[in-house]
Amino acid sequence: MAYDFKAIETKWQKRWAKDQTFRAKQPQEFEGDPKPPFYVLDMFPYPSGAGLHVGHPLGYIASDIYARYKRHKGFNVLHPQGYDSFGLPAEQYAIQTGQHPSSTTEINIEGCLDNKGKILDKYVEDNGKIKNSALIDKSKETCVDEDHYQSNVIKGYRKQLDKIGFSFDWSREVRTSDPNYYKWTQWIFIQLFESWYDAKAQKSKSISELVNIFEKEGNIIVDAAADEDTTSFSASEWSTFTDDQKEELLLNYRLTYLAETEVNWCPALGTVLANDEIVKGVSERGGHPVSRKKMKQWSMRISAFADRLLRGLEDLDWSESLKETQRNWIGKSVGAQLKFPILPFPKGKENTKPGYMTGGNNAYTLIEKAKENRNQPTEAEKTLWIQLRGKKLSGYKFRQQHLIGDYIADFVCLLKSLVVEVDGEYHNETKAYDEERTQFLNKKGFEVIRFKNEDVIGNIDEVLEKIKTKLDKLPAYTKMAKPSEESKVKPLSIGEGQGERIIEAFTTRPDTIYGVSFITLAPEHDLVSKITTLDQKEEVDAYVKASAKRSERERMADVKTISGAFTGAYAEHPHTKEPLPVWIGDYVLAGYGTGAVMSVPCGDQRDHDFAQHFGIPIPNVFEGIDISKEAYTDKSNATKIANSDFLNGLGVLEAIPKAIEALANMGQGAKKINYRLRDAVFSRQRYWGEPFPVYYINGLPKMIDEKHLPLKLPEVEKYLPTEDGAPPLGRAQEWAWDTEQHQVVSNAKIDHKTVFPVELNTMPGWAGSSWYLFHYMETENRDQHIASKENLDYWNNVDLYIGGSEHATGHLLYSRFWTKFLNDKGVFPVDEPFKKLINQGMILGESAFVNTFTIVFTVDDKENNNNLKETPKVLKVLLSNDLGDLNIKKREYIESDYISNEIEKIIQKAEEICEFENKNQSDKNGQIVYMGLTNVKRRVDVSLVNTSNELNLDGFKTSPFGKEFKDAKVIYNESGKLLVSREVEKMSKSKFNVVNPDDICEEYGADSLRLYEMFLGPLEQAKPWSTAGLSGVHNFLKKLWKLYFPPNSQGDEGQDFVVSDEHASKESLKILHKTIKKVTQDIEDFSFNTSVSTFMICVNELTQQSCKSREVLEPLAVLISPYAPHIAEELWELLGNTTSISEVDYPVFEEHYLKEDSKTYPISFNGKMRFTLDLSLGLSKDEIEKIVMAEERTQKQLDGRTPKKVIIVPGKIVNIVG
RNA sequence: GCUCGGAUGGUGGAAUUGGUAGACACGUUGGACUUAAAAUCCAAUGACCAUUGCGGUCGUGCGGGUUCAAGUCCCGCUCCGAGUACCA
């Protein structure tokens, strides 16, 4: 009987589904002690409409083999599957067509075909056209009466997976876009909102606990993860805050919070773009300009968990490289945060009259403004100034438009610290600002009196009287010279404000502090606009604008172009007090550290490049190191610090703590641990994602009570952002929360009393995928909890997780974060989600290219005086690839009198072979006068190419991209074939190199596909797919089948199943046990490719031995069943068993079958193997040496020389040196 | 740029972790069977030299090194791939 894989595979797939063979048991289902649990999970797939290609199932096959193996080993295996079904592609399609993303998702999962492979009626229009939504290639109209219409119809993820024979427990399927599922995503969000992080205890705690602490001791003592700019307050201050103020403060502590974050904003599309949606500064779709913009969004305080996420890696069985990637992503660095005061005036413009210098450290920018104000006073100001100037008012000296801190006071009497302000109507609208200003001035010790414009103009005398009375009452301050005493006496002193405006910079090398020669800020840094001098404003503004257009990645990747701008401002070196120029440069990123760098050109290459480019000095702080060409970035302790005052002669290790100590004593620095890990932005301006269970009162977020979840996605009429730039949910008519009815109501009802607007953003893709593994543990009561305690305790976490390395930092970090958080909250019993993790490598496609060229020419028809240049002729040619490369540059135009050799050859060949259509004409009427020749390799669909790289010409000419070659001339190779060239690339639709697993299953069967995917190479390595190689594993399965259906003596195909109960031969048992040993070891090591080879060797040998013994053939079927389950089940049944093979005990390896008593020794001379020698393993070293030396071939090799040394490793090798 | 991988015949890959380089397949060539093809079976297949046979030289991206012995360890490069925070 022939191996009928189709019948066998359909039979067993049906049987498994019917019997629920792979349903995992819950712990309570066992009578007595439950079997040990084993949880095998694949990374959550997104069900894309393009369907599976052969790369997708690779990881699933590996995990399936492992899951099946573990069942044989006696485990209760949980191997579920589901869909991460929220996401951009469905949304994109919704925007284009208006089709609801939920139905797109549904189609992508379920497919459009019935069980017989016929399209379902609901996807066919009356005229026979298949609805666009059911098509893979939407641009290709497809009708049901076409022959192979199925090839362009979405098969559905589930149907495709089912064909490969996975042992998934589908009864536990989840979908992130299902409201019953995202109810729990929303629930987790609320838990995060209601929590803060106790950094001392390293634990998330309830926010009410934090409120208790604030009530008792304010926020000064507690060590909580919080926003950097959180102000300190005492318990009594807390008690004076309004509820809204308290709420606002608590947002600084919540584990999910609203904050301004930078995004890539595309005004034309009205949306935020991912870095990879931006190409060369413009949007990938449409090429619209993109700029960086701040936006208020939800963030997750993952940074609080940085240290735990880092330490947790130690105990995980993940690859070292993946752990390293996460370590780098978290990016812990120990260093110091330093404060550099900004000098009030630029170098050389220092004010020489310190007594009047009441301005802050950006005085020089405001002073220009003040001058302007002085020159253009308002009517009232002018009136008052006439009365105040020149000590007119009882001898008090007034100054007009004078700087105090960052403010310009209208009039000020410094002696009495009195400010006189004249307000116009304008000030009514800026009351809050005025109050803030008054508060500031009061703090500085100034009294402020205000007058209205009309008071000054209408009643100047009364105003002057009021001022005079006030002045008389106030005490006079005298100018003091010493700054230290001044502060006691006079509220405003020399350099007041110094240190108030500072640049904070994090550095890992505080020991190189004396090497700092400038400061560089990120162009987005808040200080930039405040400190830039008027002279530099234009340049700085232009630079900031230009860098806002570049994406972060672009800025990081581009190190060749050094760019920057000088702000005109100076900061002060903490030790030398020298002024340091403050620059901006886009090599400094706002999101890293403080967005400011203390630039040490001698110790950092980027700083060095920058300094060299802009001619900034490069002081050297390394003893005996030449830094003229490049920076010295070595951290070797042997190198001593020089030119650094108290740090001289120290190595890095001693210098760092000493440098920090000195700075700390000055109050200008402290040791700091910095993490590269940034808080994760959690808002998306999209429709197809989880809605936030949040509504807003007074602009402050409130959580919807968890008993009213899920908050379901509202319907919208379009999936685009609104015209005024709000996210798509801004289009929903019913998107308001009624706090009394506890339900979503119409927006019209918003009254800000009981009905409030609901959050318009949705959650990102990683929300639903960060906890899904735990929901698979629950079957019965999914509406009551993520999973019951009993189930969580039984299954714990994932024992084996397989997926692509693209998730290394995103998904894997976020789900670890959520697991740790929910562990803190007592929801999960574990604090890591995935114990062991394997990254499968990518399967690459083999793209095909046909060599084409186009000759453009005109014929100079002199006789008829026709200028045919206007209507050039075009000749298209297809050239078999093996005829060689043409090596002709694109668009190289050649005059008729100069045709290069190569082109001439082509033309000649074209003429000869293709019957050059214009040859006669050119002979008769003139000559070819103008030619263009374009040589292009064109992509062709791999389905049009066979395994010998021959192009199906008819197919090509009718394909959409081959149409233009309909009348092309073809140059075949000598065997009359048209060959294409191949190139290995990522497998993708756009490259026309996709191989569909359905087709493979159809032609070779699922077992062949499974074996071949494994056989291709190591699981973790990227490897190219080549369908040609499949016949090897397919042949193997046929050979395996033949072992049980042996051919008759004439070699004819065996019709009968023949298995004998006689004992197997020693050799057969030996190869069986060799196979058991190797395959078991391979599965444990995830080396599936080598186990397939081992099976092949085993079957080859057993065939040779004509082994028919049940003693060998029965365990062989079990061994192979994880890899090729269908054929194994069939053979198992033929062997007389009535139950599934899936839980049969795995064969036990017995060492004694492998006992060898001799070994074929390689005999080497100077390390080179010359011949082999069979020797007994019982021999001693001396005996081996004796035998080897006596060997004739040894003497021949030595050729009379005496060996210097003979190295013998018993059981391994003999090496003779000499 | 940074981080992490990788490089072995015509192709995918193997090599018990320092001990016979190229297992197992694909492909190719030759042969058997067949009217023929397919299927199947057998043989050869790293390159070069030699060939009646025995054999010899080179060879794991490149350049060095350690060792009796290096694809494997060390130092210095080259090239290719992946990730880089809103694709999933």
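As the structure is a computational prediction, the values presented were derived from the model and not from experiment. The chains referred to below are lettered A, B, ... by the order of the sequence lines, with proteins before strands, and numbering in each begins at 1.
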Item to complete: Report the distance from atom CE of A/Met1169 to atom C1' of B/U57, rounded to the nearest whole Å.
Response: 15 Å
Discussion item. Counting only side-chain nitrogens and oxygens, does A/Lys1038 get under 4.0 Å of the OP1 or OP2 atom of B/U40?
Written reply: yes
Worksheet item: Of A/Gly1017 and A/Trp329, whose nearest nucleotide on RNA chain B comes first from the 5' end?
Response: A/Gly1017
Practice prompt. May I ask you to say what A/Pro45 touches in the nucleic acid, namely base, sugar-phosphate or nothing, with a heavy-atom cut-off under 4.0 Å?
Written response: nothing
Discussion item. Please verify the inter-ring angle class for A/Phe682 with A/Trp818; under 30° counts as parallel, over 60° as perpendicular, anything in between as tilted.
Written reply: tilted
Practice prompt. Looking at every strand, decide which applies to A/Ile1207 at a 4.0 Å heavy-atom threshold: base, sugar-phosphate, or nothing.
Written response: base
Worksheet item: Rounding to the closest angstrom, what is the interatomic distance between B/C62 and B/G10 at atom P?
Response: 14 Å
Discussion item. Need one value for A/Gly87: base, sugar-phosphate or nothing, where a base atom within 4.0 Å counts as base even if backbone is also close, heavy atoms only.
Written reply: sugar-phosphate
Practice prompt. Could you label the plane-to-plane angle of the A/Tyr814 and A/Trp766 rings as parallel, tilted or perpendicular, counting under 30° as parallel and over 60° as perpendicular?
Written response: parallel
Worksheet item: Relative to each other, are the rings of A/Tyr587 and A/Phe610 parallel, tilted or perpendicular (30° and 60° limits)?
Response: tilted
Discussion item. In terms of relative ring orientation, are A/Phe44 and A/Tyr772 parallel, tilted or perpendicular, with 30° and 60° separating the classes?
Written reply: parallel
Worksheet entry | Separation between the P atoms of B/G56 and B/A7, rounded to whole Å | 31 Å
Practice prompt. Name the pairing partner of B/U84, where a pair is Watson-Crick or G-U wobble with both distances under 3.5 Å, or state none.
Written response: B/G1
Worksheet item: Does A/Asn1100 have a side-chain nitrogen or oxygen under 4.0 Å from the phosphate oxygens OP1 or OP2 of B/A25?
Response: yes
Worksheet item: Can you find a side chain N or O atom of A/Asn1035 that sits less than 4.0 Å from OP1 or OP2 on B/C26?
Response: yes
Item to complete: Scan A/Thr1094 against the nucleic acid and name what it touches under 4.0 Å (heavy atoms): base, sugar-phosphate only, or nothing.
Response: nothing
Fill in: Nearest-Å distance once atom P is located in both B/C42 and B/C33
15 Å
Practice prompt. Please measure how far the C1' atom in B/U72 lies from the corresponding atom in B/U17, and state the result in whole Å.
Written response: 7 Å
Practice prompt. Can you tell me the distance, in whole Å, between the NE2 atom of A/His56 and the P atom of B/A88?
Written response: 14 Å
Worksheet item: Do the rings of A/Phe86 and A/Trp688 sit parallel, tilted or perpendicular, given the 30° and 60° boundaries?
Response: perpendicular
Worksheet entry | Rounded interatomic separation in angstrom, taking CG from A/Leu1016 and C1' from B/C24 | 13 Å
Worksheet item: So, is B/G9 syn or anti if syn means the angle is within 90° of 0?
Response: syn
Worksheet item: If we take the C1' atom in both B/A23 and B/U45, what is their distance in whole Å?
Response: 15 Å
Worksheet item: More than 12 foreign heavy atoms under 6.0 Å from NZ of A/Lys991: is that the case here?
Response: yes
Item to complete: Looking at every strand, decide which applies to A/Gln1021 at a 4.0 Å heavy-atom threshold: base, sugar-phosphate, or nothing.
Response: sugar-phosphate
Worksheet item: B/G59 and B/C48: how far apart are their P atoms, nearest whole angstrom?
Response: 16 Å
Worksheet item: What is the glycosidic conformation of B/U60: syn, defined as within 90° of 0, or anti?
Response: anti
Fill in: Residue A/Ser1031, side-chain heavy atoms: nucleotide from B/G27, B/A85, B/A15 that is nearest
B/G27
Worksheet item: Rounded to whole angstroms, how far apart are CG on A/Asn839 and C1' on B/U3?
Response: 14 Å
Item to complete: Write down the distance separating the C1' atoms in B/G5 and B/G9, rounded off to the nearest Å.
Response: 24 Å
Worksheet entry | Upstream residue (5' side of RNA chain B) when A/Lys1023 and A/Asn264 are each assigned their closest nucleotide | A/Lys1023
Worksheet item: Mind checking the C1' distance from B/G83 to B/G46? Whole angstroms is fine.
Response: 36 Å
Fill in: Whether over 12 other heavy atoms sit under 6.0 Å from A/Lys1077 NZ
no
Practice prompt. Just call it for A/Gln297: base, sugar-phosphate, or nothing, with non-hydrogen atoms closer than 4.0 Å on any strand.
Written response: base
Discussion item. Quick check on B/A69: is either OP1 or OP2 less than 4.0 Å from any side-chain nitrogen or oxygen of A/Arg1170?
Written reply: no
